[in-house]
Amino acid sequence: MKTHTFKALLLTICFGILAAASAFAQDAPPADVTCFESRKGASEVVKHDLKPGWPNVKCSPKTGAVLWWGDPFDGTVPMGDMPLLDKVPKGNAVVKPRSEHLPLLAMCGTACHNGKVPPLPLPTTKKPHPIPTMEGLLPDAKNLQHGRARLWCLNCHDVKQRNKLVDNFDDPISIDQPQLLCGKCHGDKLRDWRDGIHGKRIGEWASTGKKRWFTCTECHNPHNVQDGERNRGFIQIEPESPPQLTKGMKDAKHELMPPIAH
Ligand code: HEC
Ligand code: HEC
Ligand code: HEC
């Protein structure tokens, strides 16, 4: 009888501890996992569940890069008009906005450059000149690492609307759609990108299916393309380990089959 009571007591205590532990585990929020999609430091996503057990991304524990997307269109917006892209039905080309990664952008056209500050007239030349206020925000401003000293802020940023970029006709373009900015000088790359031989797309397989196009600035930092240390995010010295085997599969020996004659 005594041992019974003791056992029951022990069990109750154990269950109590277990229940408390699981309640604690449920209460404690899981630590945020952040990984990068393309350019390290400028394309980070926080891992979360799109639906229970279905994450938005899977991250590489080795490099911190995204290995897999749960929904390739998560957080995307339609791509701006692109010349000669008429084969792709409208809405099937989407991009991820850059704005969310640009902490200063909200201020550029409001607190600063709002038409009153700095005082008018607006600059009339695109020649490089010292701008001490910007040097704190853009460390390379004195020696801009793009275009071998032939480029300046206003080749890319709209003179009147500083939170916009500028195309080849001096029309403002959204900072979320930099392709026509870069394309005005790198026409060959714009064509390659349009034709799918530069950059990256994810989404549906068919060539005219819905796809997320990675925009130029998701991979290139426009302020430092000349800098040798740029794009560290691309550098990968070792391959990833092989993916997990499909459920029920013991090994991947079938892949060693002799090639099919043709
Ligand atoms: C080659 C084109 C180009 C040139 C030249 C250029 N920029 Fe930019 N700038 C951009 C683009 C494109 C973005 C958006 C970057 C992104 O999406 O990551 C940007 C973003 C910015 C931002 C916002 C950054 C943030 O983190 O919110 C500032 C500020 C800025 N540029 C200042 C300057 C200044 C000052 C100069 C001149 C010294 C300059 N830029 C020259 C293309 C350029
Ligand atoms: C106003 C013209 C102009 C614009 C706009 C422009 N670039 Fe450039 N870019 C240049 C020039 C000039 C060079 C230097 C070419 C050289 O040295 O041969 C260059 C070089 C580059 C390089 C190669 C860097 C190197 O030296 O290896 C990359 C990458 C690049 N640009 C990306 C971009 C991206 C991305 C954008 C849009 C955000 C952009 N450029 C917008 C003119 C431009
Ligand atoms: C998915 C990432 C990615 C996207 C998107 C991307 N690029 Fe690149 N690009 C690269 C890589 C990687 C290289 C080669 C490494 C380097 O020099 O930075 C490169 C090289 C370049 C070069 C230098 C080529 C040379 O001959 O030296 C230019 C210019 C350039 N890209 C422009 C663009 C423009 C313009 C766009 C958008 C229309 C774009 N890129 C979109 C990844 C990308």
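These figures come from a predicted structure and were not determined experimentally.
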J.: Could you go through the side-chain contact (heavy atoms from CB on, under 4.5 Å) check for His254 and Leu256 one step at a time?
T.: CA-CA 5 Å; His254 65 284; Leu256 300 175; over 6 Å; no
J.: Could you pull out all residues at least two apart from Lys47 that satisfy salt bridge (charged side-chain N to carboxylate O under 4.0 Å, His left out)?
T.: none
J.: Atom CG of residue position Asp81 - does it have more than 12 heavy atoms of other residues, nucleotides or ligands inside 6.0 Å?
T.: no
J.: Working note: Leu137 + Met107, criterion side-chain contact (heavy atoms from CB on, under 4.5 Å); need CA distance, chi angles, decisive distance, verdict.
T.: CA-CA 12 Å; Leu137 306 178; Met107 289 186 289; over 6 Å; no
J.: Flag yes if Val94 and Ile202 sit in one hydrophobic cluster, no otherwise; membership is Ile, Leu, Val, Met, Phe, Trp, Tyr, and two members link when side-chain heavy atoms are under 4.5 Å apart.
T.: no
J.: So do the side chains of Leu144 and Pro128 get within less than 4.5 Å of each other, counting heavy atoms only?
T.: no
J.: To the nearest 0.5 Å, tell me how far Arg39 CZ sits from Cys216 SG.
T.: 11.0 Å
J.: Quick check: are the SG atoms of Cys35 and Cys59 less than 2.5 Å apart?
T.: yes
J.: My understanding is that only residues two or more places apart in sequence, or in another chain, count here; which of them pass ring-ring contact (aromatic ring centres under 6.0 Å, His included) with Trp54?
T.: Trp68
J.: Between Asp32 (side chain only) and Val46 (backbone N and O only), is there a donor and an acceptor less than 3.5 Å apart?
T.: no
J.: If you look at every heavy atom in Ala42 and Glu44, which pair is closest and at what distance?
T.: N-OE1, 3.1 Å
J.: Mind running side-chain contact (heavy atoms from CB on, under 4.5 Å) on His146 and Leu151 for me, showing each step along the way?
T.: CA-CA 7 Å; His146 192 157; Leu151 279 199; 3.5 Å; yes
J.: Can a donor-acceptor pair be found, under 3.5 Å and without considering hydrogens, that links the side chain of Asn56 to the backbone of His48?
T.: yes
J.: Apply salt bridge (charged side-chain N to carboxylate O under 4.0 Å, His left out) to Glu135 and list each qualifying residue two or more places apart in sequence or on a separate chain.
T.: Lys142
J.: Where do Pro172 and Gln161 come nearest, in terms of heavy atoms and distance?
T.: CG-NE2, 3.8 Å
J.: Please report the interatomic distance NZ(Lys96) to CG(Asp176), rounded to the nearest 0.5 Å.
T.: 12.0 Å
J.: Who else is in the cluster with Ile175 when I, L, V, M, F, W and Y are joined by side-chain contacts under 4.5 Å?
T.: Val77, Met79, Met82, Leu85, Val88, Val95, Leu102, Leu105, Leu165, Ile173, Leu180, Leu181, Leu190, Trp193, Trp213
J.: Working to the nearest 0.5 Å, report the span between CG of Asn143 and CG of Asp227.
T.: 10.0 Å
J.: Sequence neighbours excluded, which residues qualify as ring-ring contact (aromatic ring centres under 6.0 Å, His included) partners of His129?
T.: Trp152
J.: Between Phe214 and Val66, is there a shared hydrophobic cluster once you connect ILVMFWY residues whose side-chain heavy atoms come closer than 4.5 Å?
T.: yes
J.: With a 3.5 Å distance limit and no angle check, can you tell me whether Thr246 reaches the backbone of Met249 through a side-chain donor-acceptor pair?
T.: no
J.: Taking side chain as C-beta onward, heavy atoms only, is Val159 less than 4.5 Å from Arg162?
T.: yes
J.: How close do Pro97 and Gly75 get, heavy atom to heavy atom, and via which atoms?
T.: CD-O, 3.2 Å
J.: Got a sec, which pairs hit salt bridge (Lys or Arg N to Asp or Glu O under 4.0 Å) with one end in residues 194-216, sequence neighbours left out?
T.: Glu37-Arg212, Arg212-Glu218
J.: Where do Thr63 and Lys40 come nearest, in terms of heavy atoms and distance?
T.: O-NZ, 4.0 Å
J.: Give the C-alpha distance, both sets of side-chain angles, the deciding distance and a yes or no for side-chain contact (heavy atoms from CB on, under 4.5 Å) between Gln179 and Thr215.
T.: CA-CA 6 Å; Gln179 52 274 12; Thr215 58; 3.8 Å; yes
J.: Rounded to the nearest 0.5 Å, what's the gap from NZ on Lys87 to OG on Ser207? Could you check?
T.: 8.5 Å
J.: Do Leu138 and Val225 land in one hydrophobic cluster if side-chain heavy atoms of ILVMFWY residues count as linked below 4.5 Å?
T.: no
J.: Give me the atom names and distance for the closest heavy-atom approach of Asp167 to Lys184.
T.: O-NZ, 3.5 Å
J.: Does the side chain of Val166 come within less than 4.5 Å of Lys164's, by heavy atoms?
T.: no
J.: What pair of heavy atoms forms the shortest contact from Cys153 to Ile131, and how long is it?
T.: SG-CD1, 3.9 Å
J.: Less than 4.5 Å apart, any side-chain heavy atom of Cys182 and any of Lys189?
T.: no
J.: When clusters are formed by joining ILVMFWY residues with side-chain heavy atoms under 4.5 Å apart, either directly or through shared neighbours, do Phe36 and Leu67 land in the same one?
T.: no
